[in-house]
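So the structure is just underneath, and the comments pick up after that.
Side chains are part of it too, since the values below use all heavy atoms of this structure and drop only hydrogens, waters and symmetry mates. Numbers restart at 1 for each chain; the letters A, B, ... are given by sequence-line order, proteins then strands.
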Number of protein chains: 2
Amino acid sequence: MAVTIKDIAKKAGVSHTTVSRALNDHPAISKETVGRIKLLAEELDYVPSAAARGLKTNRSLVLGVIVHRIEDPFLTDVLRGIEDTLNPSEYSLFLAATKRDPEREKRVIQAMAERRVDGIIFSSLYIGVQQLRYLKQIDIPIVLINNQTMQDPDVYLVYHQDVEATRQLTQHLVDLGHRKIAYLGSARSGRTNVKRQQGYEEGLEKAGLPLCPEYIISGTTSRPENGINGMNGLLALADPPTAVICYNDMIAIGAIKAITQAGLSVPHDISVAGFDNIDLAQYVTPPLTTFHQPRYQLGQEAAKMILHILQQDKGAQRPDAVVLHGELIIRQSTVSPH
Amino acid sequence: MAVTIKDIAKKAGVSHTTVSRALNDHPAISKETVGRIKLLAEELDYVPSAAARGLKTNRSLVLGVIVHRIEDPFLTDVLRGIEDTLNPSEYSLFLAATKRDPEREKRVIQAMAERRVDGIIFSSLYIGVQQLRYLKQIDIPIVLINNQTMQDPDVYLVYHQDVEATRQLTQHLVDLGHRKIAYLGSARSGRTNVKRQQGYEEGLEKAGLPLCPEYIISGTTSRPENGINGMNGLLALADPPTAVICYNDMIAIGAIKAITQAGLSVPHDISVAGFDNIDLAQYVTPPLTTFHQPRYQLGQEAAKMILHILQQDKGAQRPDAVVLHGELIIRQSTVSPH
DNA sequence: CTGAAAGCGCTAACAC
DNA sequence: GTGTTAGCGCTTTCAG
């Protein structure tokens with residue numbers, strides 16, 4: 001068994017209450033006693049029990065992070081932002097993935113509830129309505145990352161302004177002289193895909209270009225295979241586009257592959273733009289023009305938000321949404337059409 | 001306040017003990033009572049307190065996962081393997097990153113200790129000796145992933161057979177007809193780098209090729225920049241190699257970039273091989289020959305191992321190491337020299 | 001400045 | 001089958 005404050009108390013010849021207070025720097029304990037106790041605790045390798053403390057204080061000092069897929073490259077940086085923000089604080093981080101599996105989602109939320117996490121960060125496009133209701137009734141702050149589905153007063157939002165982003169991407173291609181611009185979407189990405197497509201459409205409209213339904217292809221997933229398939233569809237058109245905006249970089253990479261396999265070249269024959277600016281976007285050939293979503297900051301802001309809420313009094317006024325703006329990254333995959 | 005077993009007991013007209021037993025399917029409680037209690041618990045939205053249970057049972061049902069950098073692409077899959085294995089079990093997962101920062105490492109381990117995690121999976125090349133000693137004294141199972149540094153009876157190991165892997169890679173290049181094969185390493189990657197280089201050297205030896213010190217370059221990091229720098233060094237040699245084996249795929253991608261920038265082509269002028277088979281290895285141009293490290297399985301095995309240990313009696317005999325073997329993936333970045 | 005006592009929510013002897 | 005009692009390790013009134 002681990003050493004407890006009682007053990008320390010015995011050795012120090014004081015009550016365990018005093019030990020508790022000393023270790024927590026209670027102002028009413030003499031400097032001398034505090035020093036003595038702390039030294040003793042150190043010597044005995046005392047490690048406080050979070051369980052016991054939590055039971056008493058009703059705070060676990062744990063934050064739950066629920067994601068859809070751990071392998072999502074987007075998530076890596078979000079997670080890093082969260083972890084970096086939490087690490088210096090006294091909070092630890094529970095991680096769990098739902099995989100769009102309701103069974104699993106339920107289990108995960110149940111576990112978080114049992115562990116009495118002090119807050120939850122949700123970075124998953126999909127969240128079951130009943131699960132959210134269940135979560136809400138626990139009465140802990142919930143922050144949703146890049147999920148504007150919920151217009152709920154009890155839920156805090158941190159998200160990136162996607163509409164504006166694809167508008168800028170479209171503008172960029174228009175500025176280069178492109179007139180035939182396609183959009184390669186991802187049907188399973190829900191709201192996010194809708195927003196990006198919306199930005200694309202707004203961009204075309206703003207440039208006075210017609211919206212051509214043939215140029216909008218929505219594959220199912222957001223993986224490279226989808227880019228390959230979608231791009232092949234576009235290449236088969238009587239009048240193929242000269243530029244393509246993809247839902248994300250993975251799809252863009254697939255698109256480039258398809259174009260190359262068709263004996264054409266990027267960007268010479270067709271310009272390709274991605275979205276997300278994943279690590280490798282700069283290393284593919286040609287380096288990818290894309291939109292940098294501030295992933296790290298998204299995680300950071302979400303974590304900061306929760307920490308603020310937890311440190312504030314319940315009633316305090318808080319912004320219930322943080323909107324982040326990314327940055328257009330122009331690389332070699334987009335040039336003027338010839 | 002959340003509802004407790006006492007609340008349920010009151011409503012049901014039984015003692016709280018009976019409630020506890022009923023919820024845990026204690027054999028001595030009548031079917032009827034169990035059903036009634038469970039129904040009532042459901043209605044009242046009862047959620048057991050892991051803290052209270054843990055305090056009593058001395059098991060937190062939490063596993064700690066400590067990594068070096070969350071953004072390591074290798075880790076993503078390891079983590080997924082761990083999560084997938086843990087998810088169906090009753091265990092939750094604490095995640096923390098150390099970043100090679102002793103201060104942070106200490107804090108992280110401290111947090112894990114306070115939370116009384118039931119076991120720890122360490123996936124970090126580096127681990128401070130004192131921290132490990134500290135960990136060991138807590139007397140919980142510790143599994144190290146891809147870290148053979150510790151020859152310690154109290155520590156369990158799960159790792160990939162890297163030496164054999166680079167030996168195979170070298171063999172592959174030799175089979176293609178290469179005689180001038182270089183190795184682009186990463187000094188900061190410690191033991192792992194040593195193993196991979198060792199396999200390379202053994203491969204050369206086995207093929208009867210001389211070991212040329214000029215062909216072994218160790219950059220500092222394992223990032224693409226390092227590949228660019230290292231490759232530029234090799235290109236500047238009077239007699240540059242015709243093939244390069246890189247410490248990992250990221251470096252290989254950098255190397256390809258450097259070769260391309262020098263006006264040469266991969267694989268026509270120089271063959272390049274990576275290591276790890278990261279997701280994007282197949283999408284870069286040209287698709288990368290590499291060695292697939294079973295990342296997911298590494299995580300899976302580590303988690304399984306810990307779960308087994310925890311379910312076993314303390315004394316039971318357990319294998320203290322699991323060695324996994326990967327697979328050579330031949331793609332277009334390696335061809336015969338011309 | 002310090003101690004005694006109570007209790008957080010749960011499980012586990014030990015009774016009956 | 002079910003209840004009584006104690007206690008896990010800690011914090012927190014309330015006394016002194």
Side-chain angles (χ1 to χ4, degrees), chain A residues 1-38 40-41 44-62 90 110-111 113-118 138-139, chain B residues 1-38 40-41 44-62 90 110-111 113-118 138-139:
Chain A
M1 268 323 301
V3 27
T4 74
I5 49 172
K6 281 188 188 163
D7 300 325
I8 300 177
K10 212 171 291 173
K11 287 244 183 195
V14 297
S15 75
H16 73 276
T17 314
T18 301
V19 174
S20 170
R21 287 203 267 247
L23 294 175
N24 290 306
D25 288 310
H26 190 108
I29 303 286
S30 74
K31 278 269 175 243
E32 185 261 325
T33 319
V34 171
R36 197 161 51 93
I37 303 281
K38 284 197 173 175
L40 202 51
L44 296 177
D45 288 317
Y46 168 71
V47 181
S49 157
R53 178 184 293 144
L55 194 53
K56 192 69 194 169
T57 60
N58 257 326
R59 304 196 316 149
S60 63
L61 299 184
V62 174
E90 43 187 0
Q110 172 79 19
E114 292 191 6
R115 302 223 146 89
R116 303 286 193 266
V117 294
D118 293 333
I138 316 182
D139 193 34
Chain B
M1 267 327 300
V3 26
T4 74
I5 49 171
K6 282 190 186 163
D7 299 324
I8 299 178
K10 212 171 290 172
K11 288 246 183 194
V14 296
S15 77
H16 73 275
T17 312
T18 302
V19 175
S20 170
R21 287 202 265 244
L23 293 176
N24 290 307
D25 290 309
H26 190 109
I29 303 287
S30 74
K31 278 271 175 234
E32 185 261 325
T33 319
V34 170
R36 197 161 52 91
I37 302 280
K38 282 198 173 174
L40 200 52
L44 296 177
D45 289 317
Y46 168 72
V47 181
S49 157
R53 179 183 294 143
L55 194 53
K56 190 70 194 170
T57 61
N58 257 327
R59 303 198 315 148
S60 62
L61 298 184
V62 174
E90 45 187 359
Q110 172 80 19
E114 293 191 5
R115 273 157 191 140
R116 304 288 192 267
V117 295
D118 293 334
I138 314 181
D139 194 33

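- Nucleotide D/dT11 holds its C1' atom 16 Å from the CD1 atom of A/I37, rounded to whole Å.
- Atom CG in A/L23 sits about 9 Å away from atom P in D/dC10, given to the nearest Å.
- Between A/R116 and A/V62, the closest side-chain pair of non-hydrogen atoms is not below 4.5 Å.
- Atom pair B/D7:CG and C/dG7:P shows a separation of 15 Å (rounding to whole Å applied).
- Between the CG atom of B/D25 and the C1' atom of C/dT11 there is a distance of 15 Å, rounded to whole Å.
- Here the straight-line distance linking atom CZ of B/R59 with atom CZ of B/R53 works out to 9.5 Å at 0.5 Å rounding.
- Taking atom CG of A/N24 as the reference point, atom C1' of D/dG9 lies 13 Å away to the nearest angstrom.
- Within the 4.0 Å cut-off from OP1 or OP2 of C/dC8, not a single side-chain nitrogen or oxygen of A/N58 is found.
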Polar-atom pairs under 3.5 Å, protein N or O versus N or O of nucleotides 1-5 of chain D: list them with distances, or write none.
residue : atom : partner : partner atom : Å
D/dT2   : OP1  : B/T33   : OG1          : 3.1
D/dT2   : OP2  : B/S30   : N            : 3.2
D/dT2   : OP2  : B/S30   : OG           : 3.4
D/dT2   : OP2  : B/T33   : OG1          : 3.0
D/dG3   : OP2  : B/S15   : N            : 2.9
D/dG3   : OP2  : B/S15   : OG           : 3.3
D/dG3   : OP2  : B/T18   : OG1          : 2.4
D/dG3   : N7   : B/R21   : NH2          : 2.7
D/dG3   : O6   : B/R21   : NH1          : 3.1
D/dG3   : O6   : B/R21   : NH2          : 2.4
D/dT4   : O4   : B/T17   : OG1          : 3.2

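- Looking at every heavy atom in both residues, B/V34 comes nearest to B/I29 through CG2-CG2, 3.6 Å.
- When all heavy atoms of B/A9 and B/S15 are compared, the closest pair comes out as CB-C, 3.6 Å.
- Judged by atom type and distance alone, B/K6 does not reach the base of C/dG9 through any side-chain donor-acceptor pair under 3.5 Å.
- Of all heavy-atom pairs between B/R115 and A/A50, the closest is CG-CB, 3.8 Å.
- Atoms NZ (A/K56) and P (C/dG9) sit 9 Å apart, rounded to a whole Å.
- Side-chain contact, A/T17 with A/S20: no donor N or O sits under 3.5 Å from an acceptor N or O.
- The minimum heavy-atom distance linking A/A2 with A/D7 is given by the pair O-OD2, 4.1 Å.
- B/L55 has its CG atom 8 Å from the C1' atom of C/dC10, to the nearest Å.
- Heavy atoms of B/S20 sit under 4.0 angstrom from at least one base atom.
- Following rounding to the nearest Å, B/E114 (CD) and D/dT11 (P) show an atom-to-atom distance of 10 Å.
- Proximity of a side-chain donor or acceptor of B/R36 to a complementary backbone N or O of B/A12 within less than 3.5 Å is detected.
- Here OG1 of B/T33 is found 12.5 Å from NE2 of B/H26. Values are rounded to the nearest 0.5 Å.
- Two end axes, each from the C1' atoms of five base pairs, can be drawn for the helix from C/dC1-D/dG16 to C/dC16-D/dG1; they diverge by 40°, to 10 degrees.
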